[in-house]
K.L.:
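Pasting a structure here, questions to come.
Every chain is numbered from 1, with letters handed out A, B, ... down the list of sequences.
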2 protein chains.
Amino acid sequence: MKEYIPVLKRTRLFSGVGEEDIGAMLSCLGARLLTYRKGEYVLRQGEHLSDIVVLAEGCLHIQKDDYWGNRSILGQIGAGEIFGEAYVAPESGTLLNDVVAVENSAVFFFDVKRVISTCSSACRFHTMVAQNLFYAISEKNRGLVQKLDYISRRTTREKLIAYLSEEARKQNRAGFTIPFNRQQLADYLSVDRSAMSNELCRMRDEGLLEFEKNRFRLL
Amino acid sequence: MKEYIPVLKRTRLFSGVGEEDIGAMLSCLGARLLTYRKGEYVLRQGEHLSDIVVLAEGCLHIQKDDYWGNRSILGQIGAGEIFGEAYVAPESGTLLNDVVAVENSAVFFFDVKRVISTCSSACRFHTMVAQNLFYAISEKNRGLVQKLDYISRRTTREKLIAYLSEEARKQNRAGFTIPFNRQQLADYLSVDRSAMSNELCRMRDEGLLEFEKNRFRLL
DNA sequence: TCCTTTCCGTTGTAAAAACAACCGACTTGT
DNA sequence: ACAAGTCGGTTGTTTTTACAACGGAAAGGA
């Protein structure tokens, strides 16, 4: 476990906490470290979860098989990232997805009850970890609300406008770059790539915007 | 402020806390109570927010005007409900929506920093309120992930299947009722009502399911 | 340099959704 | 009992998307 403390130190959850303090806190947080081989399931859809999951090493996929066996990959978890925050409330429903190791991986599990109840012993930074977790969920929440705002538009054009306007506003200038290539943007907005590419060019021809690669300018 | 303590007692945030303890906690949580007349803005898109908002009385709409002035209503806040959890992280982006009073309303604002940092004085239930908030966000998060899972499907049929399967699984029986009428379900899934109604009947004719009003049975 | 891969625009076709409009059943209030 | 409103199904038309397939440009590696 100790060997991963430098990794933990760089995570959102332990931001602002020193390595010695992390080491001292591990038992107090009920930390468990498990390793998985490529292809193994870390969590399964339908299970209950009462731990916050932090990936120390490797790569996980969040995926779902529908009842015809079609698999869709909803997300990826890289080293240092958190998972499970949405499922740890006492009355929470079960996991909505499978989590599978796509590389050999090392995974920390922290008992959420012990994370958010400050312990009686003298963990100086326990409160900070709890707050980090709180803020992490809060920001994830905002990201979900935003994505939902884009995706709930009816047409591809509306989705693009919603996304690009927000990105322009956020970067606060006429020209801005987006962190996606075409395929990734299409996946993010849940539309077909070629249809989206089509729509983008049509909007350009109508004089609504300009673009080159992932650099855009709204007119 | 005191007159709303019975209302607060029934909220998710103060669940498990007695009225006297709530009263004692109000100042310690940095509570402010503001009233709004019907039509007034409570919060505006683009603002920063560092408070958790609890509606004590009235009704608020979460809405957004796009840059052509088209207004869309994304949600409603009823008495006792919480808002703002997605925006209170220190580095969080600004509010993505307007919040408007559609009735005369009374609104509590709680400084989020004071909610999640247990105070030095002897607020016995402060920790419980912080945990309640944490779990509330966590569950809201799960709801968003789930909705996103439905809406990101390409066709109306796929959205319906995703939603109905999950609802069947959740209620754990072949027959189940949904908490929406047709228009509300269409709004929730972000599709056209008549197109959805069409698709539902087509699925029924194909023998995939049966329904009557808001009672369904998957076959 | 040559080969392979990735990225992105383009086209055509088939499928699906949006939209508008209408109807009958049922509820609700007066 | 009547009028008004809500709800859900249906139809037909137009718009939009998905899908498959192709080609050229650019990037990267052997």
Side-chain angles (χ1 to χ4, degrees), chain A residues 66 68 70-74 76 147-164 167 175-217, chain B residues 66 68 70-73 76 147-164 167 175-218:
Chain A
D66 73 14
W68 287 304
N70 303 315
R71 172 162 302 169
S72 55
I73 293 163
L74 290 91
Q76 193 172 128
K147 182 167 179 179
L148 216 37
D149 180 41
Y150 305 146
I151 291 191
S152 60
R153 311 297 168 115
R154 298 298 169 83
T155 67
T156 300
R157 174 174 294 216
E158 284 178 317
K159 292 177 193 182
L160 283 168
I161 288 176
Y163 173 73
L164 294 173
E167 211 60 25
F176 57 94
T177 60
I178 64 172
F180 296 130
N181 66 29
R182 294 292 183 279
Q183 183 61 62
Q184 291 168 330
L185 179 58
D187 288 345
Y188 180 73
L189 296 179
S190 283
V191 295
D192 177 73
R193 181 197 62 80
S194 77
M196 186 192 77
S197 186
N198 227 318
E199 195 63 42
L200 272 175
C201 295
R202 213 173 301 145
M203 289 162 76
R204 181 194 53 200
D205 296 343
E206 291 176 23
L208 286 177
L209 48 77
E210 295 170 353
F211 58 88
E212 193 205 331
K213 299 245 179 185
N214 63 342
R215 164 146 222 92
F216 288 77
R217 176 181 302 276
Chain B
D66 72 15
W68 288 304
N70 304 313
R71 173 162 302 171
S72 55
I73 293 163
Q76 193 174 126
K147 181 167 178 178
L148 214 40
D149 180 40
Y150 305 147
I151 291 191
S152 61
R153 310 296 169 117
R154 299 297 170 81
T155 67
T156 299
R157 174 174 292 220
E158 284 177 317
K159 292 176 192 180
L160 283 168
I161 287 177
Y163 173 73
L164 293 173
E167 210 60 24
F176 57 94
T177 62
I178 64 172
F180 296 130
N181 65 29
R182 293 292 183 278
Q183 183 61 61
Q184 291 168 329
L185 179 58
D187 288 344
Y188 179 73
L189 296 179
S190 283
V191 295
D192 177 73
R193 182 196 62 80
S194 78
M196 187 191 77
S197 187
N198 227 318
E199 195 62 42
L200 272 175
C201 295
R202 212 174 301 147
M203 288 162 77
R204 182 194 54 200
D205 296 343
E206 292 176 22
L208 285 178
L209 48 76
E210 295 170 354
F211 58 87
E212 192 204 332
K213 299 242 179 189
N214 63 342
R215 166 147 221 90
F216 289 77
R217 176 181 301 276
L218 302 187

K.L.:
I'd like to know if the side chain of Ser152(A) and the backbone of Leu148(A) have a donor-acceptor N/O pair within less than 3.5 Å.
P.N.:
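Such a contact is found between Ser152(A) side chain and Leu148(A) backbone.
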K.L.:
Between P on dC7(C) and CD on Gln184(A), what's the gap in Å once rounded to a whole number?
P.N.:
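So the two atoms are 7 Å apart, to the nearest Å.
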K.L.:
Can you tell me which nucleotide in dA16(C), dA20(C), dG9(C) comes closest to the side chain of Thr155(B)?
P.N.:
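Nearest to the side chain of Thr155(B) among the choices is dA16(C).
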K.L.:
In terms of side-chain heavy atoms of Cys201(B), which of dG9(D), dC8(C), dA18(D) is nearest?
P.N.:
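Side chain of Cys201(B) sits closest to dG9(D).
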K.L.:
Whole angstroms only, please: what is the CD-C1' distance between Gln183(A) and dC19(D)?
P.N.:
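Result: 13 Å.
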K.L.:
Starting from P on dA17(C), measure out to CE on Met203(B) and report it in whole angstrom.
P.N.:
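Checked: the CE to P distance equals 11 Å.
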K.L.:
Round to the nearest Å and state the distance from Asp192(A) atom CG to dG9(C) atom C1'.
P.N.:
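Nearest whole value for this atom pair: 13 Å.
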K.L.:
Would you mind checking if Glu206(B) and Arg157(B) are paired as a salt bridge, meaning a charged N to carboxylate O distance below 4.0 Å?
P.N.:
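Here Arg157(B) pairs with Glu206(B) in a salt bridge, since their nearest N and O are under 4.0 Å apart.
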K.L.:
Rounded to whole Å, how long is the line connecting atom CZ of Arg154(A) with atom P of dA20(C)?
P.N.:
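Between P of dA20(C) and CZ of Arg154(A): 12 Å.
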K.L.:
Output the rounded distance in Å from CE (Met196(A)) to C1' (dA18(D)).
P.N.:
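After rounding, the reported distance stands at 14 Å.
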K.L.:
Out of dT10(D), dG8(D), dA18(D), which nucleotide sits closest to the side chain of Arg182(B)?
P.N.:
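For Arg182(B), the side-chain atoms sit closest to dG8(D).
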K.L.:
Return yes if the base of dG9(C) and the side-chain atoms of Arg193(A) contain a donor-acceptor N/O pair under 3.5 Å, otherwise no.
P.N.:
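Present.
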K.L.:
So Thr156(A), base contact, sugar-phosphate only, or nothing? Heavy-atom distance under 4.0 Å.
P.N.:
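Result for Thr156(A) = sugar-phosphate.
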K.L.:
Report the distance from atom CD of Glu199(A) to atom P of dA18(D), rounded to the nearest whole Å.
P.N.:
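Checked: the CD to P distance equals 10 Å.
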K.L.:
Round to a whole Å and report the spacing from CG of Leu200(B) to P of dT11(D).
P.N.:
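Leu200(B) atom CG is separated from dT11(D) atom P by 15 Å.
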K.L.:
Please tell me which of the listed nucleotides, dA18(D), dG9(D), dC8(C), lies nearest to the side chain of Asn181(A)?
P.N.:
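Among dA18(D), dG9(D), dC8(C), the one nearest the side chain of Asn181(A) is dC8(C).
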K.L.:
State, yes or no, whether a side-chain contact exists between Gln184(B) and Asn181(B) at a heavy-atom distance under 4.5 Å.
P.N.:
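Contact flag for Gln184(B)/Asn181(B) side chains = yes.
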K.L.:
Hey, which of Ile161(B), Leu218(B), Leu160(B) is the one that makes side chain to side chain contact (heavy atoms under 4.5 Å, CB included) with Leu209(B)?
P.N.:
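When Ile161(B), Leu218(B), Leu160(B) are each tested with Leu209(B), the side chain to side chain contact (heavy atoms under 4.5 Å, CB included) holds only for Leu218(B).
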K.L.:
Less than 4.5 Å apart, any side-chain heavy atom of Glu167(A) and any of Tyr163(A)?
P.N.:
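Counting from C-beta outward, Glu167(A) and Tyr163(A) do come under 4.5 Å.
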K.L.:
Could you pick out which residue, Lys213(A) or Ser190(B), lies toward the 5' side of DNA chain C when each is mapped onto its nearest nucleotide?
P.N.:
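Upstream on the strand: Lys213(A).
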